[in-house]
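Source: prediction; values computed, not measured.
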Amino acid sequence: MFLVGLELDLKAIRRSGKTAFIVAFAGITAPFVAGIGVSTVLHRTLSTGASFAPFVTFMGVPLSITAFPVLARILAERKLFKTELGRVVLPSAAINDVSAWILLATGVALNGKGKDPVIPAYVLLCCIGYVLFLLFIVRRGLEWIARRASEEEGASELSICITILGVLIAGFTTDTIGIHPLFGAFVYGIMVPKEGRFVHILVEKIEDFVTVLMLPLFFASSGLKTNLATINSLRSVGFLILLVATAFFCKVTATIVAAVSLGIDLRTSFAFGFLMNTKGLVELIVLNIGKDLGVFDDQTFALLVLMCLILLFFTTPAVMALYKPARDQTPCQNKSMESSSKKKRGELRILTCIQGTRGFLGMLNLVEACRSSRKSALKLYVVHLTQLSSRMSSAMTMSRAAQSDVCHEEDQSLIALQVYGRLTKTPLKLLRAISQLEDMHVDVCNLAMEKRATLLIMPLNMFQREDGTVEYANQLLVKLTQRVLQYAPCSVGIYVDKGLWGSMELSEASGDHKVAMIFFGGPDDREALAFAFRIAEHPSVKLFVTRFICEEHVEDDIGHVIELDNHQKTCVLSDKKLDEESLAPLREPKGLVKVCDISYKEVPYDGNPVSAIGNMMKLNDFSLVLVGRAGHTGVSVLPSNVKGPMEKFSEHSELGLVGEALLKNMGDLKASILIIQQYNSCK
């Protein structure tokens, strides 16, 4: 319960506005009132030994409460946090949770052993006084601890021990007052400041112990207490149907009516109602407290546990069937560098993904090189990739990020990006993609579409073994990159950092950075060339464009073109014409070559192009190499009968033939590599 309290942010609840409060009030009032009628029937037939007032309270709370941890997990897995539905339902569920625990505290007080009515009033007053003490005294101490943890870039063992000791003291105090210990732990968790790193450090320290050891034991204990053999008659089944119907229709109907009255459309309101009816861990805790206090007998407890499970099973399928979040369908005119470079005016939008700090400086240099162009302004979006795991901290991080479109995590790389944006006056926005790696590409592609990006840059970290072979640092990220290449709504660049490009800051005062552009032909090579022209405008970039021409197989390629049908022949000839047009500025003596520091040459080769590329790399100390991922449509950029190292490279690789050859056949290559794939609207 302390961890559940850590998930609730009082400041976020206060910022949620009247919509969340009205929906939460309707969602807890209607089922609680209906629960009074059901409680009357059950009290007369099943739990005849329990006092009526606490029985009504303990029956009303499970019917009206929303399981906040389970709801947060559903929103995270279904990518609904940043939708209109997620922004409203999350604070509503938090308000619902707090209200339900206030009702539960009242029920525990009413269930006191003494018959004097003054005793419950005294217990409630003591409880209110203790909550105020936590709010005005203990909270200040916790804020001081959290502030010190942020200043020292980490929490000390003493701070963690004092905080966890406070959980035990809070539980002991509420138990002494006459309220259940869980209430004290829950309220204490709410008081912990949610700003800064301290709350995340705290969760990481204790969540494994709680979720791996204590939580399974609690579920096992709940299962042992649940005696399904007591549901052995039609009357028991009828009571179960009555409980499910009351909890479902009252909660869902009240939420839908409140949402529609506030202007939310009917479809979203139905999804809202189903989500607010989520049951789970918190309900089981409430039921266990009632069972331990003797409020519920075995049959009533079993009926209520089954009710919670049935309602939980319906939530996710119902929400996915009812709610389909709308996407920003604003058309993007510049989905590739080649098309945007032909327009005199426009805005180059680059969306770059980062995970960790490796290759970060190289990414910054790429952005800095693009920023220097006078043709069009640069707008940068940086997406911080975070894997959504089964840990509670992942859902907590996502719920924090849902409160704003901007990523506020105290990460050194993100702080550096913010500083860079302010110093260079580059329009920069920090975003976050938190999901499982299996479907993270959906988030990345949706962000690229929403922000109308022209180029999406993905990092791909590799390391070199002692024997010279190169391997990927993370195979799951390779699969993510492959899916992004397949589904991206714009051109994609794969940045492989090998150190040299990011080893020195790119600025007007720095020395020359030699950049190589390897051109065979085709849409991807033209896209890479357009990017090369863009960064060549930077005063510290010296661009070397090399076109490789296979003399031996020119006649074979021409013969192959003749064998194609008319449509394929037209595509191939058009592609070759576009290649010549893209290279035309390099042949004009007063054109781009004179304005920028660009060298151009054509290199013929026989047979295997790897050796020709290798010779060029050895003669120059390039810091960055630009290549296209694939070549001509219809005619391979490489001869079909090439023998040697190129044979083992797959044209379906995420790096492409040339990129894979550079990385895996040239272990001593120090230059970083940017492999570019042009957006294809027909894919």
Side-chain angles (χ1 to χ4, degrees), residues 1-8 28 32 35 39 47 49-69 94 96-117 119-135 138 164-192 206 210 214-215 217-219 221-222 224-226 279-297 300-301 304-305 308:
M1 284 311 302
F2 172 64
L3 284 175
V4 173
L6 286 179
E7 286 191 81
L8 298 179
I28 199 169
F32 191 86
S39 302
S47 300
S51 301
F52 182 70
F55 184 77
V56 168
T57 306
F58 276 93
M59 279 291 297
V61 169
L63 292 175
S64 56
I65 200 171
T66 300
F68 184 84
N96 195 303
D97 242 17
V98 174
S99 303
W101 278 93
I102 293 172
L103 291 172
L104 183 65
T106 306
V108 174
L110 293 173
N111 194 54
K113 296 180 181 180
K115 297 182 179 180
D116 191 345
I119 295 177
Y122 172 76
V123 171
L124 287 175
L125 286 174
C126 290
C127 184
I128 293 170
Y130 183 63
V131 171
L132 292 175
F133 171 75
L134 290 175
L135 184 62
V138 176
I164 296 177
L165 182 62
V167 180
L168 304 178
I169 295 173
F172 173 77
T173 305
T174 49
D175 188 39
T176 304
I177 291 172
I179 307 293
H180 202 278
L182 292 180
F183 181 78
F186 174 70
V187 177
Y188 183 77
I190 293 177
M191 297 302 163
V192 176
I206 62 176
V210 172
M214 299 179 72
L215 198 58
L217 289 175
F218 169 74
F219 282 125
S221 173
S222 300
L224 291 172
K225 292 178 184 177
T226 305
K279 307 296 179 186
L281 171 64
V282 180
E283 285 74 15
L284 279 179
I285 292 173
V286 172
L287 295 178
N288 273 273
I289 293 173
K291 183 76 166 61
D292 294 340
L293 294 176
V295 177
F296 299 138
D297 60 2
T300 307
F301 181 78
L304 289 170
V305 169
C308 292

*Is the count of non-hydrogen atoms from other residues, nucleotides or ligands lying under 6.0 Å from Phe52 atom CZ greater than 12?*
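Yes.
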*Might you confirm whether atom OH of Tyr122 has over 12 heavy atoms from other residues, nucleotides or ligands at distances under 6.0 Å?*
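Atom OH in Tyr122 is not packed in, count stays at 12 or less.
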For residues [X] and [Y], determine if any side-chain heavy atom of one lies less than 4.5 Å from a side-chain heavy atom of the other.
X      : Y      : answer
Val108 : Phe58  : yes
Leu281 : Phe218 : yes
Leu63  : Phe32  : no
Phe183 : Met1   : no
Tyr130 : Val187 : no
Cys127 : Thr174 : no
Asp292 : Lys225 : yes

Going from [atom1] on [X] to [atom2] on [Y], what distance comes out if it is rounded to the nearest 0.5 angstrom?
X      : Y      : atom1 : atom2 : answer
Ile289 : Leu284 : CD1   : CG    : 11.0 Å
Ile190 : Trp101 : CD1   : CH2   : 10.0 Å
Asp97  : Thr66  : CG    : OG1   : 7.0 Å
Phe296 : Lys291 : CZ    : NZ    : 10.5 Å

*With a 3.5 Å cut-off and no angle check, do the side chains of Asn96 and Ser99 form a donor-acceptor pair?*
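Side chains of Asn96 and Ser99: no pair found under 3.5 Å.
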*asked:* Quick one about Ser222 and Asn288 (side-chain donor to acceptor, distance below 3.5 Å, no hydrogens or angles considered), yes or no?
replied: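 Yes - a donor-acceptor pair under 3.5 Å links their side chains.
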Least distance between heavy atoms, [X] atom then [Y] atom:
X      : Y      : value
Gly60  : Ser64  : O-OG, 2.8 Å
Ala105 : Ile179 : O-CD1, 3.4 Å
Met59  : Thr300 : SD-CG2, 4.4 Å
Ala100 : Ile28  : N-CD1, 3.8 Å
Phe2   : Tyr188 : CE1-CD2, 3.5 Å
Gly280 : Ala67  : N-CB, 3.5 Å

_Derivation of the side chain to side chain contact (heavy atoms under 4.5 Å, CB included) call for Cys308 and Leu287_ = CA-CA 10 Å; Cys308 292; Leu287 295 178; 4.2 Å; yes
*Give a yes or no on whether the backbone of Phe172 and the side-chain of Thr176 come within a donor-acceptor separation of less than 3.5 Å.*
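A pair under 3.5 Å: yes.
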*Kindly determine whether Asp175 and His180 satisfy side chain to side chain contact (heavy atoms under 4.5 Å, CB included), including the steps that lead there.*
CA-CA 5 Å; Asp175 188 39; His180 202 278; over 6 Å; no
*Between Leu8, Val167, Leu104, which is the residue that forms a side-chain contact (heavy atoms from CB on, under 4.5 Å) with Phe186?*
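Exactly one pass, corresponding to Leu8.
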*Can you check side chain to side chain contact (heavy atoms under 4.5 Å, CB included) on Ile65 and Leu103, steps first, answer last?*
CA-CA 10 Å; Ile65 200 171; Leu103 291 172; over 6 Å; no
